[in-house]
Number of protein chains: 2
Amino acid sequence: MSLRADAAEKRQHIIETAYRLFKRDGLHATGIDKIIAEAGVAKMTMYRHFPSKEVLIVNVLDWRAEHFRRQLDMLLEPVATPDEQIVAIFDWHERWFESPGFHGCLFQHSLAEYGTPGHAVFEAVSRQKHALKQRLQDILEQTLPEERAAVFANTLFMLIEGATMLAHLGQGKMAVASMRKTASALLFSADRLQ
Amino acid sequence: MSLRADAAEKRQHIIETAYRLFKRDGLHATGIDKIIAEAGVAKMTMYRHFPSKEVLIVNVLDWRAEHFRRQLDMLLEPVATPDEQIVAIFDWHERWFESPGFHGCLFQHSLAEYGTPGHAVFEAVSRQKHALKQRLQDILEQTLPEERAAVFANTLFMLIEGATMLAHLGQGKMAVASMRKTASALLFSADRLQ
DNA sequence: TATGAGATAGACAGGTCTGTATCATTTAGG
DNA sequence: CCTAAATGATACAGACCTGTCTATCTCATA
């Protein structure tokens with residue numbers, strides 16, 4: 001195993017440790033010292049890989065966005081119809097909400113702490129949220145006309161974000177159930193009332 | 001004007017100044033020194049009214065929740081039907097999203113920074129969000145059976161929270177438009193497909 | 001006018017923050 | 001084995017944080 005591979009592994013380990021702490025305690029509330037202590041690396045190692053905390057945050061967000069994107073790929077690949085794909089996304093969120101250590105969405109949290117347009121963290125959040133919305137729209141455009149798909153994608157996106165917040169407040173079960181019923185009703189009316 | 005009235009005014013002035021800074025810059029990112037400088041009061045004045053920053057935060061949130069509740073009262077009082085009341089709430093949010101200095105929802109931000117159940121800030125957020133959801137449910141129960149009203153209230157709540165986040169990301173117009181269309185479709189299907 | 005409560009400005013303590021510097025140690029490859 | 005890069009441990013600088021304390025000022029009321 002070469003030095004370069006070790007360095008890459010260490011870099012990734014720092015990112016994943018920071019992700020866990022950022023998600024649980026918040027961005028400002030998590031200090032560099034806590035991250036390196038939890039990751040078991042020296043401070044200079046961290047600063048060699050990431051020139052500042054802000055750069056580390058953006059790297060954590062970008063890694064997590066890519067991780068989520070790949071998870072969706074694997075989740076949706078074996079699912080045939082668009083409707084079933086939407087249901088699969090709901091299922092995934094339901095499992096997430098009930099997973100141990102669930103503490104809300106790091107992208108939402110980051111938007112709260114760095115909510116100024118143009119800031120690197122804001123833009124990283126914007127990229128991820130836009131990608132999720134676009135993904136929903138791509139699925140829906142397989143069965144709905146473009147404008148309808150866009151509105152429906154916005155709606156599903158807002159429902160998912162709202163459900164994530166409700167889950168953080170301890171009402172994930174109820175949120176997912178309502179989200180499912182609403183999506184069913186909308187798909188039903190889209191079929192019948194078009 | 002008595003000393004007591006002066007003190008109450010000063011206390012309220014601190015709360016409103018802190019609200020503005022917390023909303024714009026975040027909770028951890030806003031220091032006591034910045035609050036008192038912006039409010040033009042001495043540090044001891046602030047600590048006489050609020051024994052700690054955490055207590056100040058909770059007071060800001062509770063004041064803002066009450067302020068929002070009163071705004072809704074005034075907004076909905078002259079509106080006759082439940083459907084029109086829902087539309088009025090959408091209208092209010094649309095105006096909010098476009099108001100100068102809109103920077104997302106302070107309650108969402110606070111949940112991101114103090115997201116641990118049991119924490120005083122978490123509980124303050126929980127109270128406000130639950131109150132909004134309950135209010136939506138009360139409106140809907142005037143025309144829908146209880147269980148349907150509950151699901152619909154959850155849905156509208158999630159849409160509103162998601163729309164607020166999208167507005168923070170600069171897509172408020174689109175979010176409100178989709179929210180309106182979805183609510184119309186749901187009300188229509190509720191009437192026709194029950 | 002005398003009094004006493006509230007406000008002010010500012011220093012201060014003790015801790016934490018980000019980021020830098022130093023020096024010893026480990027480790028992979030020639 | 002030897003070298004050079006990477007890391008570990010730790011001290012440090014300078015800024016900022018919350019919260020306390022003091023000394024002075026203002027002002028309504030008794």
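Just so you know, these numbers use all the heavy atoms, side chains as well, and skip hydrogens, waters and symmetry mates. Residue numbers start from 1 in every chain, and the chains themselves are labelled A, B, ... in the order their sequence lines are given, proteins ahead of strands.
- A donor-acceptor pair shorter than 3.5 Å can be found between the side chains of A/Glu84 and A/Thr81.
- As a whole-Å value, the separation of B/Lys10 NZ from C/dA5 C1' is 14 Å.
- When the side-chain nitrogen and oxygen atoms of A/Thr45 are compared with OP1 and OP2 of D/dA6, none of them lie within a distance under 4.0 Å.
- Here the two rings, on A/His109 and A/His168, have centers that are under 6.0 Å apart.
- The CG-C1' distance, from A/Leu56 to C/dG19, rounds to 13 Å in whole Å.
- Rounding to whole angstrom units, CD1 of residue B/Ile36 and C1' of C/dA7 are separated by 12 Å.
- Centroid-to-centroid, the aromatic rings of B/Phe68 and B/Trp96 stay 6.0 Å apart or farther.
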For this session: List the steps, then state whether side chain to side chain donor-acceptor pair (under 3.5 Å) holds for B/Gln108 with A/Gln108.
Result: CA-CA 8 Å; B/Gln108 285 184 7; A/Gln108 286 184 7; over 6 Å; no

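- Judged by distance alone, the side chain of B/Ser126 and the main-chain N or O of B/Phe122 form no donor-acceptor pair under 3.5 Å.
- One interatomic measurement links the two molecules: CG of B/Asp25 to P of D/dC17, which rounds to 11 Å at whole-angstrom precision.
- The distance from atom CE of B/Met46 to atom C1' of C/dG6 is 16 Å, rounded to the nearest whole Å.
- Put simply, NE2 on A/His28 is 12 Å from P on D/dT18, counting in whole angstrom units.
- Between A/Glu9 atom CD and C/dA28 atom P the separation is 12 Å, expressed in whole Å.
- Straight-line distance from the NE2 atom of B/His49 to the P atom of D/dT18: 18 Å, rounded to whole Å.
- Aromatic pair A/His28/A/Tyr114: centroids less than 6.0 angstrom apart.
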Protein-nucleotides 19-21 of chain D N/O pairs closer than 3.5 Å?
from: D/dG19; atom 1: OP2; to: B/Tyr47; atom 2: OH; distance (Å): 3.1
from: D/dG19; atom 1: OP2; to: B/Lys53; atom 2: N; distance (Å): 3.0
from: D/dG19; atom 1: N7; to: B/Lys43; atom 2: NZ; distance (Å): 3.1
from: D/dG19; atom 1: O6; to: B/Lys43; atom 2: NZ; distance (Å): 2.6

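- Distances shown here put a side-chain N or O of B/Arg48 below 4.0 Å from the OP1 or OP2 atom of C/dA7.
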